[in-house]
Novice: 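Have a look at the structure that comes next, please.
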Amino acid sequence: MPIAVVGSNMVDLISYIHRMPGEGETVEAPSFSMGCGGKGANQAVAASRLGAEVVMVSRVGNDVFADTTLKNFEDNGISTTHVLRTDATSGVAPIFVDPDSHNSIIIVKGANAMLSPEDVERAREDIARCDLIVLQLEIPMETVYRAITLGEELGIPVLLNPAPASPELDLARITGVEFLVPNESELELLTGMPVSSLEDIRKATDVLITAGISNVIVTLGARGALWAHAAGEELVAAPEVEALDTTGAGDAFIGCFSNAWVRSGDVLSAVREGAQYAADSVTRPGTQTSYAWAPGRGPA
Ligand code: RIB
């Protein structure tokens with residue numbers, strides 16, 4: 001049951017800080033780590049570590065970060081056939097994690113900005129073998145739309161994670177997706193509606209369901225996730241954990257959800273598994289470094 005991920009990869013440069021510097025100020029931070037990230041790659045790696053075959057469609061640059069990322073895909077059992085080298089810098093993400101485990105992220109897309117609709121087309125034969133296409137917004141919007149229409153042409157359900165939030169995203173062009181998985185701020189931008197209470201969030205998901213999206217799954221951080229669909233809704237609580245670093249928790253949820261859903265077709269149990277897996281990931285530092293492997297699996 002393969003999963004296609006058409007999306008980004010980045011190298012995460014993570015500083016664990018006491019506080020952000022003010023303008024013109026230099027502050028010392030206690031520690032730093034570098035690891036592989038990018039929303040597309042994170043979701044792909046989580047799904048692969050849990051046992052999915054992943055078809056990754058992505059672009060790396062022509063620098064040392066590209067080698068790191070390609071090796072990382074291979075170590076995680078992900079084929080790099082459709083991960084293309086590009087005459088550009090690789091995507092990088094300086095990340096700042098504060099003492100409360102909250103993160104602030106800057107992304108420099110680099111080669112990710114050159115992943116084209118034609119790249120999706122070139123991977124058509126392998127995408128056609130997949131049971132789900134997973135997308136995010138760290139690649140050009142036209143490439144996202146092309147992957148959605150390819151899913152429609154091939155009869156493959158599409159999961160869209162509208163992250164990072166983008167005012168460019170055209171709701172009319174994504175109503176065919178099977179799963180839309182925003183967090184609260186992405187939901188707010190997409191609908192133009194407030195999301196300060198669960199009641200607000202429900203009203204905003206209603207708008208998306210009425211527009212034709214089959215399933216809206218809103219990730220709520222430590223509160224879990226709300227699954228809304230035409231026949232009702234389910235609020236799934238996240239297990240209580242001591243959070244150390246929340247970076248990439250949403251991607252952990254999506255990678256795990258995708259793997260669980262293609263195996264069982266059961267949305268509710270896949271949301272539950274995703275919430276558990278994401279909660280577990282925040283107890284460890286880093287992005288992909290915090291993602292667990294399924295029992296009996298490990299780096300290649
Ligand atoms: O969602 C977390 C990810 O966002 C990080 O890995 C960073 O690379 C950015 O893409």
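What you see is a predicted model, and the numbers here were worked out from it, not measured in a lab. Just follow the structure's listing: the first ligand is 1, and inside any ligand the first atom is 1.
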Novice: With a 4.0 Å cut-off on N to O distance, would you call D126 and R129 a salt bridge?
Specialist: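 The answer is yes: the pair qualifies as a salt bridge.
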Novice: Is it the case that more than 12 heavy atoms not belonging to E25 sit under 6.0 Å from its CD atom?
Specialist: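 Check passes, neighbour count above 12.
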Novice: What residue and heavy atom of the protein are closest to atom 8 (O) of ligand 1, and at what distance?
Specialist: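 Scanning the protein heavy atoms, the shortest distance from atom 8 (O) of ligand 1 goes to D12 OD1, 2.5 Å.
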Novice: What part of K39 sits under 4.0 Å from ligand 1 if we count only heavy atoms: the side chain, the backbone, both or neither?
Specialist: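 Both parts.
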Novice: More than 12 heavy atoms of other residues, nucleotides or ligands under 6.0 Å from CG of D170: is that the case?
Specialist: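 Yes, the 6.0 Å shell around CG holds more than 12 heavy atoms from other groups.
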Novice: Determine, considering heavy atoms only, which of N9, N42, V92 sits nearest to atom 3 (C) of ligand 1.
Specialist: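 It is N42 whose heavy atom sits nearest to atom 3 (C) of ligand 1.
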Novice: Show the atoms of ligand 1 that are less than 4.0 angstrom away from any heavy atom in G37.
Specialist: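 What qualifies from ligand 1 is 6 (O), 8 (O).
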Novice: Counting each atom of ligand 1 from 1 as listed, which ones have a heavy atom of A93 under 4.0 Å away?
Specialist: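 This gives 7 (C), 8 (O) as the contact atoms.
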Novice: side-chain contact (heavy atoms from CB on, under 4.5 Å), that's the test. Do L160 and L137 meet it? Break it down for me.
Specialist: CA-CA 8 Å; L160 173 62; L137 303 183; 4.1 Å; yes
Novice: For the 3.5 Å polar cut-off, considering only N or O atoms, please tell me whether G38 and ligand 1 meet it.
Specialist: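 Yes; the residue has a nitrogen or oxygen that sits under 3.5 Å from a nitrogen or oxygen of the ligand.
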Novice: May I have the step-by-step check of side-chain contact (heavy atoms from CB on, under 4.5 Å) for T289 and R284, ending in yes or no?
Specialist: CA-CA 8 Å; T289 47; R284 287 180 290 274; over 6 Å; no
Novice: I'd like to check whether D251 has a polar contact with ligand 1, where a contact means an N/O of the residue lying under 3.5 Å from an N/O of the ligand.
Specialist: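 Such a contact does occur with ligand 1.
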Novice: Tell me whether the guanidinium CZ or amine NZ of R173 lies under 6.0 angstrom from the six-membered ring centre of Y145 and within 45° of its axis.
Specialist: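 Yes; both conditions hold, so R173 lies above the ring face of Y145.
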Novice: Tell me which protein heavy atom sits closest to atom 10 (O) of ligand 1, plus the residue, atom name and distance to 0.1 Å.
Specialist: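 The closest heavy atom on the protein side is E138 OE2, 2.6 Å.
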